[in-house]
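In what follows, a single structure is set out as structure tokens and then discussed.
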There are 2 protein chains.
Amino acid sequence: MKPTLQAVADAVGVSRSTVSNAYSRPDQLSASLRERILDAARQLGYPGPNPTARSLRRGFVGSIGVLFTSQLSYAFTDPFAVRFLAGVGAAAERHGTSLLLVPLPPGVTDARRAVENAAVDGFCVYCVADEQWALDVIRQRGLPFVSTAPRDNAGDDERFVGIDERAAARSAAAHVAGLGHRRVALLADSVLPDAPAGPLALAGVDQVPYPTTRGRLTGFADAFAEVGVGWAELTLVNAPGNNRPAAAAAIAGLFDQPAPPTAVLAGSDVLALGVLDALAARPAHDRPIVSVTGFDDVPEAAAAGLTTVRQPAEEKGRIAAELLLDPPADAAAGHVLLPTALVVRDSTGPVPRS
Amino acid sequence: MKPTLQAVADAVGVSRSTVSNAYSRPDQLSASLRERILDAARQLGYPGPNPTARSLRRGFVGSIGVLFTSQLSYAFTDPFAVRFLAGVGAAAERHGTSLLLVPLPPGVTDARRAVENAAVDGFCVYCVADEQWALDVIRQRGLPFVSTAPRDNAGDDERFVGIDERAAARSAAAHVAGLGHRRVALLADSVLPDAPAGPLALAGVDQVPYPTTRGRLTGFADAFAEVGVGWAELTLVNAPGNNRPAAAAAIAGLFDQPAPPTAVLAGSDVLALGVLDALAARPAHDRPIVSVTGFDDVPEAAAAGLTTVRQPAEEKGRIAAELLLDPPADAAAGHVLLPTALVVRDSTGPVPRS
DNA sequence: GATCCAGTCTGAATCGATACAGAGGCTAAC
DNA sequence: GTTAGCCTCTGTATCGATTCAGACTGGATC
């Protein structure tokens, strides 16, 4: 058994408090005694105060949770998520705080349990899909958190960092509409909880339960409404699991239909890259000319010449962590909206005249 | 103040133990009482057992640490590290274990403290450079760990997952030597603790303190020794900070010297891509034809046409976590050597005549 | 009717530290 | 010669749970 702080105290012949002070408050005891204590600790093989016991007594842990409301693997698969994490990590590093990545088991009950059991001082919630339950648990625990998705029922003191999803998406769609496109497909991850991959009929964009997806789709729709193309005329395509193959598979069939879309607006770069994959997979003589836009501007987008909406990924993570780690006194400052920019590259162009 | 388990017990009129059982051992009390307790907890706003207190009493935490013996940002910047993390995450997910990413402050004393204070049940140590101190701290704490770098003084029960660095590197170098190259530069991160960027004179490869780097350089040297090119004839270049700009900067000057190298063997893909960057940055008319090899086969390598040595990144992470989470009964099985493969692409070719 | 047993629930001990009020000694100031 | 105040160090209460041996109840068994 590893020796405890008590053992060290006994060995040196001082009180437990003094040994504790030797580690945590060197100014509370003489340098010489401190040396004696640390020596004895070394001799006994005492590894320093037990972190768990310390956390219990102190009332805080020294680490923050990063919650992906999805499989944990998402965090490392999606390049945007990786950059976000990098930002969180940078801020955490400055604060000497550790990052706890909590995997969520399938099923809300178990997932709730996982969030309840996480030993952290707060959460950065990276919202993939539904997140309400997670926020509920965190609130119940009384822990601070920062969310990255717009929420309807946010409390006043609840912190947020994100972008104006709707306006950002609209800028991409306006660009495509300006190029003359009218037969357009909108490609999104998690449009509805359990919808299958492929085209999906939806009465209106307000039926989409997930705020981020809904925001972007609404922005797309906005721009086309302005040029006289209504929601019903847009083809909505669901690509569950935000990844390239899924997107490619979901969109592939579309180009063989009569009057195929001349443009695809994707809800993320990863999906957009999947569309490009699907196009590249076709023989050159049967490859339609399709404009494609993404969202995020991940590193791969530039190489692929993808027109996209840039949002600052690392910045988002960094600010999320900072809002969590030292909350602004002013509640309004806890609500950060980051700038976005349309980045036009080669993947969009005028409608081919056929 | 959030209610405690005691408060719930008082509210229902049962003992603390029973409330505890309601959460952790449902079979220890009647279903009806359990319901009453959970109801009361809900009413009181009790968020479930405090994770820290639970960990203290139970003696384990339910999370493992991932330690990058470097800045934490490394973990998200280096694509190989990201894939490794993804593997660790996948295994952790299956085990319902969380991942704690511990940032290391500069300075060994503070860094040691950080490892001492991490509330985890074990560590996956991703070795960037020097790691000995970290392993010492972990051993002192009596925690299990899995390391990814070959070590000289590994204990019998100490787990490891990695590759035969030397043989793998040798395969790349043999390929380049086979193409006829004799004037060759070796590019590596962290050759010596504080060496500046650029060419570095080193009496022998055994002077390199970091096992991974030493292993790869030794493999490179092996292959060239075989064709009669000794260590002294190879140009060793240091690129501190395993990233593209650093590599580009470190190597750039080399091509303007008399008798510049016709091949660069890099210790990682990231460095190799930096070399390609440096070459691409030169005007076309003054761009030497240089063969370049990398190491790791990160996703970007394929796109860049980089000849490299493939090692299974996610696999490495996955196995590291699995060795940690359920240790094999057989000690020998705790020592896993993964396969590597030379992947020849466009970045290597015969020596240009003239 | 005694015995056994399974199913429920309780109480005290324990996990390993930290916080805080205060005791004691010693120097400096008035 | 006090009084004040600083520097060290101690003792006790406390953080919030889990564990485990055992008490109690009621029904089945012989």
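Reminder, nothing fancy here: chain letters follow the sequence lines and each chain counts from 1.
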In whole Å, I'd like the distance from the CG atom of A/L29 to the P atom of C/dG24.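 Going from CG in A/L29 over to P in C/dG24 covers 20 Å.
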Without hydrogens or angle criteria, can the side chains of A/Q140 and A/D136 be said to hold a donor-acceptor pair below 3.5 Å? no
Side chains of B/Q6 and B/D10 only: does a donor on one sit below 3.5 Å from an acceptor on the other? yes
Has the side chain of A/D121 got a donor or acceptor atom that lies under 3.5 Å from a matching backbone atom of A/I64? no
Checking the side chain of B/T77 only, and the main-chain atoms of B/S73 only, is there a donor and an acceptor separated by less than 3.5 Å? yes
Min and max contacting nt of DNA chain D in 5' to 3' order, chain B heavy atoms within under 4.0 angstrom, are D/dG16 to D/dT19
Note, A/V14 side chain near A/L29 side chain (heavy atom, < 4.5 Å): no
Do A/D78 and A/F68 have side chains that get closer than 4.5 Å, going by heavy atoms? no
Nearest 0.5 Å please: distance from the CZ atom of B/R159 over to the SG atom of B/C124.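 So the gap between those two atoms works out to 9.5 Å.
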Using a strict threshold of under 4.0 Å (side-chain N to carboxylate O), is an ion pair present between B/R42 and B/D39? yes
Protein-to-nucleotide contact annotation, 5' to 3' order, nucleotides 17-22 of chain C [B base; S sugar-phosphate only; - none; under 4.0 Å, heavy atom]: BBB---
